[in-house]
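Beneath this line is the structure, given in structure tokens, with notes to follow.
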Amino acid sequence: MRLRKCPIVIRGYRLAKKKTYDKYQNCDRTNDKVKESVRSYMQKEMLKVNQARLADELDRVTFWRLRQGAQSKTTGSLGEKTGVIQHGGQSKTTGSSKKSNKFGISKKSNKFGISKKSTPRKKNCSDKTLVMDEESKVIELANVTIFPKVGGQDGETIVGTLQSHANGFRYAASSSDFTVVFLYKDVKKVFFLAKDKEEEMPPLLHFHMDCPIKVGTENRENIQFRLVPITVGQRRSDDDLNKIEKEKQTGDCGRNEDLKTFVFKVEDKWIRLLVEAYPFHELDEMCKFHGVRPSKAGSFFCLTLFSLVGLADTPFVVVNLRDIEVVNLALESEDINMTVVYKDFKLVPLQINCIPLDSLDGIKHRLDFGNVKYYVNDKKQEWWGPTVEWIANFPEEFIKQGGWKSFGLEDPDTLQYYSCDKELKECDSDVESDIKVCYYYNSEGSKVVVNVSDLEAETNKCDSGEVRYYYDSEVSEVVTDSDIEA
């Protein structure tokens, strides 16, 4: 059978394996350290191969989307509003025809893998009927505050309890009648962070809403609950001396366990009730990096499986990776300056500066996993704002000049895989014979390994445009199907 794979990846895989063999041919590949080095080198080369594939697809998809947007303008469809895009507390309204989404893309199937069906999320949160559970079934997270404060920086710090009921959450203050109610169906994304002993951030639970909800006198699309530290004397009586001693050392006083217990119980409840809700995503150390936004203090950001988030300070950053066009990583002496360009070119690019250089590999891996095209170069951030504005205003000129490739943003190591088909003339069937297994990650982030012989049947179960397959071989000692790592 023939694998459903583009020539760049097929020949790039072959070239990457050849480079790995040439680099380590005189080494003892039975040694564990050498094996790890070979595996790491091959993974880095395959990262470049996939970025070359994304670059090849990027211009074609961008050109098609821009042309569709231009056609929608000529038909006078800009008056049809499709929704509000939020970024950094600001909103922009986009327009398209009734048969197109906010980028002017037709909802019909196309060769770029855009889904045939597109069901817009409901934007009406007026229904606030909360179904209360019996007291014994209520799941509670006590001693939490709302961030930012109600009433602004000078507002009152409210401490209360967050409860999970039959169809939604209810937050009630401990010392007043203040309450906040929001339903499961109104939650778009949920993130939680367990406190690290080296971090200043407390454990937190963050809800990104589908539409604004009422918090006091304000309407918020993001609502965050931070856990209040509890002194050792306030802890439950069943804590033994060892746990108390550990709490003194870490300083979190067991609040991490309180948060995780609440999350796991709510997730289990959703499964039993068949609630269609976005799963909780933990912001772990592997996806965390420090950065500075313009005119803001330094804070941490996280790249999850599906989102780029910044939850330490307002305005919050919650960006779906599928809404990102490209990411530029500008290298300086000791730092990285990140520029995020949205698919909606009318939005101002997001800038995150002063990222430590040792975070580069983790950022590249997460972006590549999310099928986001990134560039690594020394391009100044001041260049991006006017360039994106020019693309939005003159899309035909952008297309005529050759798209993103015309800007010379790609690094030389990745650029070599753009034309790897000229360096390797082996037929595709020879390459495919090396590939034994492939795997992908489902919507819950779980790895699913598939034999090549079952690939076509497995692909039919999924939307091939939304699933990224990773291929591997048993011929070399680079990686085996039993120890593939995300």
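For the numbers below, each heavy atom of this structure counts, side chains included, while hydrogens, waters and symmetry mates do not.
Distance CD1/Ile355 to CG/Asp335: 9.0 Å, rounded to 0.5 Å.
You'll find the ring centres of Tyr171 and Phe225 inside the 6.0 Å limit. You'll find the ring centres of His281 and Phe306 inside the 6.0 Å limit.
Aromatic ring orientation, Trp404 versus Phe407: perpendicular (interplanar angle above 60°, classes split at 30° and 60°). Ring geometry, His206 versus Phe191: the interplanar angle falls from 30° to 60°, so the pair is classed tilted.
At least one donor-acceptor pair under 3.5 Å links the side chain of Thr261 to the backbone N or O of Glu257. Using modelled atom types, one side-chain atom of Arg255 and one backbone atom of Val228 make a donor-acceptor pair closer than 3.5 Å. Under a 3.5 Å cut-off, the side chain of Glu45 and the backbone N or O of Thr20 do not form any donor-acceptor pair. Side chain of Gln163 to main chain of Val138: no donor-acceptor pair is present (N/O by atom type, distance under 3.5 Å, no hydrogens or angles).
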Decide side-chain hydrogen bond (donor to acceptor under 3.5 Å, both in side chains) for Arg53 and Asn371; before the verdict, give the C-alpha distance in whole Å, the side-chain angles of both, and the deciding distance to 0.1 Å.
-> CA-CA 10 Å; Arg53 175 188 70 84; Asn371 267 347; 3.0 Å; yes
Any chance you could lay out the side-chain contact (heavy atoms from CB on, under 4.5 Å) test for Val181 and Ile213, step after step, and finish with the verdict?
-> CA-CA 8 Å; Val181 174; Ile213 64 169; over 6 Å; no
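Environment of NZ in Lys137: sparse, with no more than 12 heavy atoms of neighbouring residues, nucleotides or ligands closer than 6.0 Å.
Listed by first and then second residue, the salt bridge (Lys or Arg N to Asp or Glu O under 4.0 Å) pairs that reach into residues 263-275 are Asp133-Lys269, Asp268-Arg272, sequence neighbours excluded.
The shortest side-chain heavy-atom distance between Phe169 and Tyr184 falls under the 4.5 Å cut-off. A heavy-atom distance below 4.5 Å is found between the side chains of Phe301 and Arg293.
Residues satisfying the side-chain hydrogen bond (donor to acceptor under 3.5 Å, both in side chains) criterion with Asp413, sequence neighbours excluded, are absent altogether.
Considering Gln416, Lys48, Lys405, Lys373 as possible partners of Glu410, the one that fulfils the side chain to side chain contact (heavy atoms under 4.5 Å, CB included) test is Lys373.
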